[in-house]
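Atom set for the values below is all heavy atoms of this structure, side chains included, hydrogens, waters and symmetry mates excluded. Residue numbering restarts at 1 for every chain, and letters A, B, ... go by the order of the sequence lines. What you see is a predicted model; the values in this text were computed from it and never measured.
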Amino acid sequence: MISVIRTLGGRTIEQLEGLGRVAVFGGLITGAIFRGPTRFGFFVRALYDAGVLSVALIALSGFTVGMVLGLQLFNVLSRFGADEGLGAVVGLALIRELGPVVCGLLVTGRAGSAVTAEIGTMKATEQLDGLRMMAIDPVHFVAMPRALALTFAMPLLNAIFIVFAIAGAFAIGVANQGLDAGVYQSGLENAVQFRQDVAQSLLKSLVFGILIGLVATYKGHHCAPNAVGVARATTSTVVTASVVILLSDYVITALWGV
Amino acid sequence: MQSNATRDLVVGLFVLLGLLALSYLSLQVGGVELSSGEKIVLEATFDDIGGLSARAPVRVAGVKIGQVSGIDLDEDLRATVRLEVDADVGLSIDSSAAIRTAGLLGDQFIAVELGAEDEVLLDGEAFQFTESALSIERLVGQLVHDAGV
């Protein structure tokens, strides 16, 4: 009995220590942002990897999600003779929830995992130690630009995702099912408010970006320095970041209170 | 790290595309007005505002001229609604404000019916004539009562 309680206590302390290490790492990255030397080119390269290379995936996924929403909702709504509501429902669902969350999960899989794998491989091949030997802080040199790029790219990718999804729902609802284009557009514009919906969407995507950046770089920096370790860390990034995104999505929605 | 001109260009395009999508969502879909003309605030007092909420539109002849900016309870326990409307519309001082419903079950909005006077309502002034919200429940109740069911 006592040993069970002891195991429980040990596990709890372990988990708390892990959480503390993530927080300390987040503090290191935040500190590194404000510390010179500024290497803007690194940030641009990281933004290319995190943002530009994700655009095709985000746009295609967005359009498909929009098409599915348009088809499903149009069927249900037209049963009640409320097909005019399509624009409003699609807009609110996408901007408030689906956009940030689906986009966050996609970016985790597309860019977050790549960041972990890259940093993990650098650690396994002792490149991070090499940097330390030359008195270059690997957090400043490697982790910070990538975390910052993920944070910066998420709101932009989120907006691109939502616009493509709105277009996808438009394609199905208007071009395929014969809803009037003006009805769709005005339903959308009347239902969506900047402060409640668009701002909340931006806040969510920004928070998700910070979380993805933190998790991805932390897992890379703290993986076991071998092939198995890198593989585990990459998987762990995707799992952890996905769960954290879904959890924090609920917290933000509940706190923002709509 | 040498800077790569093509890569920089593509990243620039990406940022531009993202900002474009953002501004579409904010300005067109979200309805943020950048250069909103001058606004004045008018007051209207109602016995019952039904389900009227802040940000509900204010319309003249069906055209939106502003929105509800706030709702308070005054000392007589009547609802005072503040309306933020375009300054250049010029509503005559004997105009009346009524709470209407878009369609049978739609959202509520404020319909302003123009009066005949030449003088117009100025910032901070109140509507003299108002018409409270029509409650469907009360209407149905009255109908049932009148029919003597």
Original post:
With side chains defined as the heavy atoms from C-beta onward, is the minimum distance between B:D8 and A:V44 less than 4.5 Å?
Top reply: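 When only atoms from C-beta onward are counted, A:V44 and B:D8 do touch, with a gap below 4.5 Å.
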Locate the shortest heavy-atom distance separating [X] from [Y]; write the atom from each residue and the value.
X: B:F14; Y: A:G51; value: CZ-CA, 3.6 Å
X: A:A159; Y: B:G18; value: CB-O, 4.0 Å
X: B:L19; Y: A:L156; value: N-CD2, 3.8 Å

Subject >> Portion of B:L13 that has a non-hydrogen atom of chain A nearer than 4.5 angstrom >> reply: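 Neither; nothing under 4.5 Å.
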Original post:
At a heavy-atom separation under 4.5 Å, does A:V55 approach chain B through its side chain, its backbone, both, or neither?
Top reply: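 Only the side chain of A:V55 comes within 4.5 Å of chain B.
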Original post:
Measuring heavy-atom distances to chain B, does A:I160 have an atom under 4.5 Å in its side chain, in its backbone, in both, or in neither?
Top reply: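 Looking at A:I160, backbone and side chain both touch chain B.
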Subject >> Residue among B:L20, B:V10, B:V11 with most heavy-atom pairs under 4.5 Å to chain A >> reply: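 Most pairs with chain A among the choices: B:V11.
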How many angstroms lie between atom [atom1] of [X] and atom [atom2] of [Y], to the nearest 0.5 angstrom?
X: B:L22; Y: A:S205; atom1: CG; atom2: OG; answer: 7.5 Å
X: A:N190; Y: B:K64; atom1: CG; atom2: NZ; answer: 7.5 Å
X: B:Q28; Y: A:E189; atom1: CD; atom2: CD; answer: 4.5 Å
X: A:F194; Y: B:L27; atom1: CZ; atom2: CG; answer: 8.5 Å

Original post:
Do B:V15 and A:F152 pass the side chain to side chain contact (heavy atoms under 4.5 Å, CB included) test, and can you show the C-alpha distance, the side-chain angles, and the key distance before you say yes or no?
Top reply: CA-CA 9 Å; B:V15 174; A:F152 187 74; 4.1 Å; yes
[X] atom [atom1], neighbour heavy-atom count above 12 within 6.0 Å:
X: A:Q72; atom1: CD; value: no
X: A:R195; atom1: CZ; value: no
X: B:D88; atom1: CG; value: yes
X: A:F164; atom1: CZ; value: no

Original post:
In a check of side-chain contact (heavy atoms from CB on, under 4.5 Å) between B:L25 and each of A:V163, A:V192, A:L202, which one passes?
Top reply: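 One option only clears the test, and that one is A:V163.
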